[in-house]
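As structure tokens, the structure follows; a few thoughts come after it.
Below, read A as the first sequence line, B as the second, and so on, with proteins coming before strands; counting in each chain starts at 1.
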Amino acid sequence: MPEGHTIHRLARDHRKDLVDRSVTVGSPQGRFTQGAAVLNGRVLTGVDAYGKHLFYRWGDDTLHVHLGLFGRFMRYEHARGAPPEPTPTTRLRLITDAVTIHLSGPTVCELMNPVAEDALRARLGPDLLGRRPNADAVFDALQRRRSAIGTVLLDQRVLVGVGNVYRAEALFLCGIHPDTPANAISRAHFDLLWETLRQQLRAGVAANRIVTVEPGDVGVTTRRQLTEDQRLYVYRRAGEPCRRCGTTITSWTLSARAIYACPSCQPEQAV
DNA sequence: TACATATGATCAT
DNA sequence: TGATCCTATGTAA
């Protein structure tokens, strides 16, 4: 379940669990055995997130993890009982005195040196969850593209951190139709979209899940009262009524992913 | 058992 | 645009 918020939250949690600790590193599945051997038993010096990429540092030896669509971390505190045995799909296992962490299904789990990391970062756009992402650079990139804003939001060269849920939800919150050409978005609308995405992603890190709905729109007063199926405005809600206006939510395919929108709240020509 | 599906991304055509 | 890689889960057969 990884968009940028998940990755940054994992970095924060794993930093707390692992940094300055000696870590037993293994690959029960066997597909990262060589790399694990290099890191095993050494003291972790840092954990960083950039977009949807994670970097675990043992000095200049870096473990690069990208969860892709299916990757998952599981965390087990030893104080709560013995951790489960790894499964045949446990690519990576990290163990300290206090916790055991299992990773399965990642797209990437590899050793990386600083040069390769620089090259990777160089081909990625600003991280919306970074300290001071360059909005001007992203707006300039939009100006140069005719493709749909819904497509550009998932283009890693333009910006990183947004995934398929946040793209649909943020465009709804901003009243922007996903098919709107990127170069037709005004600076004012871009600024709104930019701030919306940053704010939503930050909220996602804090809550460790995606919740975009204003409680008042579903008749409750606090975020806490939202049920699991009241968290989102449009994502996976095709055929259901818009929470704001009642119009039926529509869905289609945009850059090989499902996109969702309210035809009334996100009129085609609004930019 | 099989299939569809998923909050990702790249590469070939 | 389609094929491909990675895994778990729910539903259908």
Protein-nucleotide distance ([X], atom [atom1]; [N], atom [atom2]), rounded to Å:
| X | N | atom1 | atom2 | answer |
| --- | --- | --- | --- | --- |
| A:Y166 | B:dG8 | OH | P | 11 Å |
| A:H64 | B:dA9 | NE2 | P | 10 Å |
| A:L103 | C:dC6 | CG | P | 14 Å |
| A:F70 | C:dT4 | CZ | P | 14 Å |
| A:N164 | B:dA9 | CG | P | 10 Å |
| A:L67 | C:dA8 | CG | P | 13 Å |
| A:Y260 | B:dA6 | OH | C1' | 10 Å |
| A:L69 | B:dA6 | CG | P | 9 Å |

Salt bridge A:D48-A:R57, side-chain N to carboxylate O under 4.0 Å
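A salt bridge is present here (some side-chain N lies under 4.0 Å from a carboxylate O).
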Reckon [X] has a side-chain N or O less than 4.0 Å from the OP1 or OP2 of [N]?
| X | N | value |
| --- | --- | --- |
| A:R72 | B:dT7 | no |
| A:H66 | B:dG8 | no |
| A:T89 | C:dA8 | yes |
| A:Q29 | C:dC6 | no |

Over all strands shown, is [X] touching base, sugar-phosphate only, or nothing at heavy-atom distances under 4.0 angstrom?
| X | answer |
| --- | --- |
| A:R91 | sugar-phosphate |
| A:R31 | sugar-phosphate |
| A:I210 | base |
| A:E169 | nothing |
| A:R231 | nothing |
| A:R123 | sugar-phosphate |

Option from A:N183, A:T151, A:D155 for which side-chain hydrogen bond (donor to acceptor under 3.5 Å, both in side chains) with A:R145 holds
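Checked A:N183, A:T151, A:D155 against A:R145; only one passes side-chain hydrogen bond (donor to acceptor under 3.5 Å, both in side chains): A:D155.
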Testing A:T100, A:D97, A:T96 for side-chain hydrogen bond (donor to acceptor under 3.5 Å, both in side chains) with A:H78, which one passes?
A:T100
Please give the nucleotide sitting opposite B:dT7 as a Watson-Crick or G-U wobble pair, both distances under 3.5 Å, or none.
none
I want to check a possible cation-pi pair here: A:R237 against A:Y260, using under 6.0 Å from ring centre and within 45° of the ring axis as the test.
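The answer is no; the distance or angle limit is not met.
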Go through A:F73 and A:L54 one step at a time and tell me if the side-chain contact (heavy atoms from CB on, under 4.5 Å) criterion holds.
CA-CA 12 Å; A:F73 277 104; A:L54 280 164; 3.8 Å; yes
Do A:L67 and A:L10 make a side-chain contact, defined as non-hydrogen atoms from C-beta onward lying under 4.5 Å apart?
yes
Between [N] and [M], how far is it from one [atom1] atom to the other, in whole Å?
| N | M | atom1 | result |
| --- | --- | --- | --- |
| C:dA8 | B:dT10 | P | 23 Å |
| B:dT5 | C:dG2 | P | 15 Å |
| B:dT7 | C:dT1 | C1' | 23 Å |

So which nucleotide from B:dT10, B:dT7, B:dA6 ends up closest to the side chain of A:Q156?
B:dT10
